[in-house]
Amino acid sequence: MNKPIDYNAMPDASGHFGNFGGRFVSETLMHALDELQSIYDDVKNDPSFRAEFDKDLAHYVGRPSPLYFAERLTKKIGGAKIYLKREDLNHTGAHKVNNTIGQALLAKYTGKTRVIAETGAGQHGVASATVAARLGMECVVYMGAEDVKRQSLNVYRMKLLGATVVPVESGSKTLKDAMNEAMRDWVTNVDNTFYIIGTVAGPHPYPQLVRDFQCVIGREARQQCLAQEGTLPNALVACVGGGSNAIGLFHPFLSDDGVDIYGVEAGGLGVETGKHAAPLNDGVPGVLHGNRTYLMEDENGQIIETHSISAGLDYPGVGPEHAWLKDLGRVKYVAINDDEAMQAFRNLTLVEGIMPALETSHAMAYAEKLAQQRPKDEIILVNLSGRGDKDILTVAKIDGIEV
Amino acid sequence: MSRITEVLQQCRASGRKALVTYIVNGDPRPEVTLAAMHALVAAGADIIELGVPFSDPMAEGPVIQKGHERALVHHTSLAGCISLVGEFRQTNRETPVVLMGYANPLERMGYGAFGTAASAAGVDGLLTVDLPPEEASKLKQELAQLNLDTIYLIAPTTTEQRIASIVSLASGFVYYVSLKGVTGAGHLDADSVQQKVTEIRRHTALPLLVGFGIKDADSAKAIGACADGVVVGSVLVKAMGEATDQSCEDICQRLTEITASIRSGLDSLS
Ligand SMILES: Cc1ncc(COP(=O)(O)O)c(C=O)c1O
């Protein structure tokens with residue numbers, strides 16, 4: 001037997017998870033990243049920082065979020081018990097706010113007065129605009145022009161919150177292009193600007209600090225499951241775009257060998273069609289947006305366009321820690337297609353009265369499959385990463401209804 | 001001695017400010033690039049920086065982004081850039097060529113395969129925007145064996161300590177990014193460039209070239225006064241963008257005019 005892996009020891013001092021992660025940015029940003037890392041290293045074990053973070057999570061976000069036994073859904077599927085970690089009940093409606101609360105506190109410590117963010121589904125943009133409003137900071141959100149169209153409700157929410165939303169017209173006009181543009185803004189305004197990255201990607205230390213802020217999900221879920229069921233879950237399921245809700249749930253369980261862990265990528269029209277956003281299922285290691293990870297690219301190393309019904313999963317890369325966990329074999333990464341996700345969206349809405357985000361619906365669809373294969377006394381814990389209100393226009397369009 | 005070092009030493013010895021010109025391979029059409037490289041040299045460029053198109057050119061402003069997009073329509077690849085340099089070398093053995101691009105195409109090709117092919121084709125150096133020294137040690141090793149220079153960037157935000165460590169790894173020349181921003185940005189400040197250049201010079205005797213934001217004879221002159229030379233890109237790529245439907249000769253004529261004007265700005269310093 002090999003020595004057990006110390007998952008808390010990663011990333012290493014240079015920001016790598018094995019071959020993945022690191023800091024692949026232009027020189028102009030290196031100092032800002034060094035500075036961010038040194039501030040984060042200072043505050044992460046500082047009781048007053050943690051107390052402030054915990055207080056905001058309790059009183060502003062509304063944590064802990066419930067762990068809910070989806071009894072009717074469980075009956076309908078007829079297999080293992082399905083529990084939902086209700087991140088959709090957080091303020092602003094998704095897990096994203098856990099991270100923006102943490103990064104806004106860091107921004108305060110750095111003394112910067114302006115925050116920027118990239119967003120796909122708009123959830124991270126809304127969560128960033130929210131914390132910026134609360135701190136009285138200027139906020140600029142970059143969003144692919146394509147996503148501005150399909151997530152128009154969130155665009156308006158951000159504007160109401162006082163943020164400036166900049167539609168990005170370059171490349172595929174989705175999340176990856178929004179991230180390119182945010183990086184360009186950051187290079188230009190690095191003196192007064194804090195970049196709030198929305199997922200566990202980007203250059204070191206972002207994958208680490210976003211994970212640390214999101215781990216509240218898994219810590220709570222672990223305690224709640226022990227309290228409610230007297231045992232750990234048998235399996236965890238979460239959707240993976242960049243991977244922040246997934247790593248937040250998974251990380252506190254990584255050393256629990258008895259817990260099977262599944263990350264669900266966007267299979268789009270089917271992994272075999274090439275029209276998907278599932279780099280861990282069908283990608284190769286490469287470098288994009290500041291880190292080495294699995295990517296969707298062509299034979300020349302050009303990043304290719306992704307496809308998913310869900311804007312928040314429509315990204316050709318994935319957080320480097322997931323790339324590492326895949327190669328280790330600790331987490332199994334699977335894919336769910338657009339139509340399977342839509343079916344799961346309808347199921348949960350009709351059977352439990354909970355309308356999940358389309359991102360989250362990918363996790364639900366896989367959880368249903370898994371529950372069918374597992375005995376009734378087992379527990380499957382799903383991260384219900386966000387609510388689906390933002391997606392009703394997309395769903396209505398599929399149904400041919402004009403709202 | 002590398003071709004880059006040789007040319008920059010000659011420039012220094014003769015009091016000539018070096019002019020580095022950047023264009024994107026395949027922009028606006030693949031058949032233009034080779035002729036454009038020769039035209040740039042004829043108009044006074046000392047080093048050619050050949051942009052390797054990438055789908056996500058994070059450090060570029062809108063002008064050069066569009067250049068990458070125009071080139072990618074024609075599926076221009078890193079391998080294609082290397083073979084183009086091979087063609088250029090059939091008639092030009094003096095002018096150094098530096099490939100400038102992003103890490104991912106290089107990762108895809110593999111450092112070893114890249115080094116071997118690039119060296120055989122007559123490439124002289126490589127500048128990878130998103131590969132700071134901390135992440136570049138493997139590549140640097142591969143390239144050093146082949147006598148290829150690894151060019152690193154220094155930025156206005158680079159601390160004195162980092163400057164010292166970057167120049168200790170650099171070969172060929174040091175590239176100072178004149179402003180906080182993307183390529184083609186408009187807020188160049190010659191005084192702050194002068195200050196930083198003085199700071200960098202305390203740490204290295206390597207030639208120091210300054211780029212980003214230099215767009216005409218005046219700005220080239222202002223910056224050239226304190227450096228070994230300047231790098232000019234966006235103004236050339238902008239001309240490409242305005243000439244997409246023109247003949248190769250007309251495009252080269254336009255590049256010649258721009259380059260000659262900047263050359264005369266620099267020459268007025270000596
Ligand atoms: C509700 C929801 N879940 C999941 C995601 C995907 O992001 P990540 O993989 O970082 O959790 C998003 C992104 O927008 C989201 O809004």
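All values reported here derive from a predicted model rather than from experimental measurement. Within every chain, numbering begins at 1; the chains are lettered A, B, ... in the order of the sequence lines, protein sequences first and strands thereafter.
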Please look at [X] and chain A and tell me whether the side chain, the backbone, both or neither of the residue comes under 4.5 angstrom of a heavy atom of that chain.
X      : answer
B/T158 : both
B/T76  : backbone
B/L72  : side chain
B/P57  : both
B/L78  : neither

Heavy atoms of other groups near [X] [atom1], more than 12 under 6.0 Å:
X      : atom1 : answer
B/D189 : CG    : yes
A/K275 : NZ    : no
B/K66  : NZ    : no
B/E160 : CD    : yes
A/K44  : NZ    : yes

- Message: For the NZ atom of A/K176 and the OG atom of B/S55, what is their distance to the nearest 0.5 Å?
- Response: 5.0 Å

- Message: Rounded at 0.5 Å granularity, tell me how far CZ in A/R23 sits from CG in B/L131.
- Response: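 So the gap between those two atoms works out to 14.0 Å.
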
Which residue out of [options] racks up the most heavy-atom pairs below 4.5 Å with chain B?
options                        : value
A/D298, A/D185, A/I304, A/D177 : A/D298
A/M179, A/E181, A/H289         : A/H289
A/L288, A/N180, A/L295         : A/N180

- No-hydrogen, no-angle side-chain donor-acceptor test under 3.5 Å, A/H16 and B/E135: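 Looking only at side-chain atoms, B/E135 and A/H16 do form a donor-acceptor pair, the distance falling under 3.5 Å.
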
- Any donor-acceptor N/O pair, B/D130 side chain to A/F24 backbone, under 3.5 Å: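 Checked: no pair found.
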
- Query: Would a distance-only check, ignoring hydrogens and angles, find a side-chain to backbone donor-acceptor pair under 3.5 Å from B/E134 to A/S14?
  - Reply: no

- Query: chain B contacts: which residues in residues 25-37 of chain A have a non-hydrogen atom closer than 4.5 Å to it?
  - Reply: A/V25, A/S26, A/E27, A/T28, A/M30, A/H31, A/D34

Considering all heavy atoms, the nearest [X]-[Y] contact:
X      : Y      : result
A/V187 : B/G181 : CG1-O, 3.2 Å
B/F54  : A/I303 : CZ-CG1, 4.0 Å
A/G301 : B/R108 : N-CG, 3.6 Å

- Query: Taking the side chain as C-beta and beyond, is there a heavy-atom pair between B/P105 and A/E297 under 4.5 Å?
  - Reply: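 Of all side-chain heavy-atom pairs linking A/E297 with B/P105, none is under 4.5 Å.
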
- Task: Against chain B, label A/E299 side chain, backbone, both or neither, depending on which of its atoms sit under 4.5 Å from a heavy atom there.
- Result: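 Contact with chain B involves both backbone and side-chain atoms of A/E299.
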
- Message: Using a 4.5 angstrom heavy-atom cutoff, name the option from B/H68, B/M58, B/H75, B/E107 with the most pairs to chain A.
- Response: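 Highest number of pairs under 4.5 Å: B/M58.
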
- chain A interface, residue from B/S77, B/A103, B/P132 that has the most non-hydrogen pairs under 4.5 Å: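 Among the listed options, the one with the most contacts to chain A is B/P132.
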
